[in-house]
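Here is the structure we will look at, set down as structure tokens.
Worth knowing before you read on, the calculation uses all heavy atoms, side chains too, and leaves out hydrogens, waters and symmetry mates.
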Amino acid sequence: MNAFRLAPLFLFVAACSQDAAPPPPPANPRADAPAADAAIAGVTAPSVAPADAFLAALAAHCGKAYAGRIVANRPASATPDPFEGKALVMHVRGCEDPARELRVPFHVGDDHSRTWVLTRTADGLRLKHDHRHADGSPDPVTLYGGDTASAGTAQRQEFPVDAQSVAMFEREGLTASVTNTWAMEIEPGTRFVYELGRPAGRLFRVEFDLATPVALPPAPWGTGD
């Protein structure tokens with residue numbers, strides 16, 4: 001075949017080859033993804049305050065009661081101990097506004113005089129002990145306790161005695177109690193601990209089994225229900 005006749009054919013093939021070349025890749029729509037992802041990753045959900053986490057963990061047991069046992073009680077008392085040998089039961093109730101307040105009666109045998117009152121404050125938690133007589137009237141020593149002095153944790157909160165309680169204890173001749181620190185611990189679904197300690201060596205701890213609910217006890221004295 002004549003070379004001059006082949007030349008147009010080569011030019012046609014070359015042109016077709018250029019037309020068939022793949023187009024350049026489009027701009028990456030995710031070119032700015034690393035920066036955007038980093039910005040998103042830097043936004044974290046607000047952390048839950050330990051006080052709120054503690055209240056929520058306890059509130060998860062609202063409406064249920066649990067049996068307890070004494071795991072520490074020292075030094076030994078020279079007089080009969082009001083807790084030894086008695087059925088100990090806590091009942092999580094008073095849950096109308098659980099993010100603000102919980103009421104937990106602590107029953108000692110047939111004594112239904114005690115209720116722990118946990119309240120959310122601006123800075124943490126407050127623990128008060130509401131003591132009543134069988135007729136519902138307040139005991140002379142009641143509503144004592146204190147506020148948390150530190151953030152604590154979702155598992156443990158400590159309550160040093162407050163000035164109002166110190167004045168009450170001194171008025172009633174309970175001078176040993178003016179250095180009280182109460183504490184509560186919770187492992188949801190496992191255990192709850194109530195603790196009383198003093199620098200002189202007093203330690204009282206009751207541990208409740210949260211894995212096994214028990215029959216509900218009577219209403220605490222003074223509740224009217």
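Heavy atoms of other residues, nucleotides or ligands lying less than 6.0 angstrom from CG of D97 number more than 12. Heavy-atom contacts from other residues, nucleotides or ligands closer than 6.0 Å to CZ of R191 number more than 12.
With respect to H112, the ring pair (Phe, Tyr, Trp, His ring centres under 6.0 Å) criterion is satisfied by exactly one of H91, H107, H133: H107.
Without hydrogens or angle criteria, Q157 side chain to S150 main chain gives no donor-acceptor distance under 3.5 Å. Between the side chain of S77 and the backbone N or O of P80, no donor-acceptor pair lies under 3.5 Å. Side-chain atoms of S165 come within 3.5 Å of backbone N or O of G145 as a donor-acceptor pair.
Connection of M168 to V117 is not established within any shared hydrophobic cluster, with ILVMFWY side chains joined at heavy-atom distances below 4.5 Å, either directly or through further cluster members. When hydrophobic clusters are built by joining Ile, Leu, Val, Met, Phe, Trp and Tyr residues whose side-chain heavy atoms come closer than 4.5 Å, directly or via intermediates, W182 is grouped together with V108. Using a 4.5 Å cut-off between side-chain heavy atoms of Ile, Leu, Val, Met, Phe, Trp and Tyr, with links allowed through other members, L88 and F204 fall into the same hydrophobic cluster. Clustering ILVMFWY residues whenever any of their side-chain heavy atoms sit less than 4.5 angstrom apart, transitively, puts L127 in the very cluster that holds L174. Linking Ile, Leu, Val, Met, Phe, Trp and Tyr residues whenever their side-chain heavy atoms come within less than 4.5 Å places V141 and V178 in a single cluster.
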Q.
Walk me through whether V193 and V71 qualify under side-chain contact (heavy atoms from CB on, under 4.5 Å).
A. CA-CA 9 Å; V193 174; V71 295; 5.7 Å; no
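Of the inter-residue distances, the one linking E170 atom CD with S177 atom OG reads 11.0 Å to the nearest 0.5 angstrom. In this structure, Q155 CD and F192 CZ are separated by 13.0 Å, a value rounded to the nearest 0.5 Å. Rounding to the nearest 0.5 angstrom, the gap separating the CD atom in E84 from the NZ atom in K86 is 10.0 Å. Between the OG1 atom of T148 and the CZ atom of R120 there is a distance of 8.0 Å, given to the nearest 0.5 Å. Within the model, atoms OG1 of T181 and CZ of F159 stand 11.0 Å from one another, a figure rounded to the nearest 0.5 Å. From R93, atom CZ reaches atom CZ of R103 across 8.5 Å, with rounding to the nearest 0.5 Å.
No side-chain heavy atom of D123 sits less than 4.5 Å from a side-chain heavy atom of D147. Side chains of T142 and D130 form a contact here, defined as non-hydrogen atoms less than 4.5 Å apart. The side-chain heavy atoms of R156 and M184, taken from C-beta on, include no pair separated by under 4.5 Å. The side-chain heavy atoms of Y144 and N180, taken from C-beta on, include no pair separated by under 4.5 Å. Between L210 and E187 the shortest side-chain heavy-atom distance does not fall below 4.5 Å. Looking only at side-chain heavy atoms (C-beta outward), N73 and F83 stay at 4.5 Å or farther from each other. In this structure the side chain of R198 reaches within 4.5 angstrom of the side chain of L196, judged on heavy atoms. The shortest side-chain heavy-atom distance between C62 and L102 falls under the 4.5 Å cut-off.
Residues D111 and S113 bring a donor and an acceptor atom of their side chains to less than 3.5 Å of each other.
Smallest separation of non-hydrogen atoms from T115 and P220: OG1-CB, 3.7 Å. Between A57 and P188, the shortest heavy-atom contact is CB-CG, 3.8 Å. Contact between A154 and I186 at its shortest, heavy atoms only, is O-CG2, 3.8 Å. Closest approach of V89 and P217 over heavy atoms only: CG1-CG, 4.1 Å.
Among residues at least two apart or in separate chains, side-chain hydrogen bond (donor to acceptor under 3.5 Å, both in side chains) pairs with a member in residues 59-71 are H61-Y66.
H129 and Y194 have perpendicular rings, their planes meeting at more than 60° on a 0 to 90° scale where under 30° would count as parallel.
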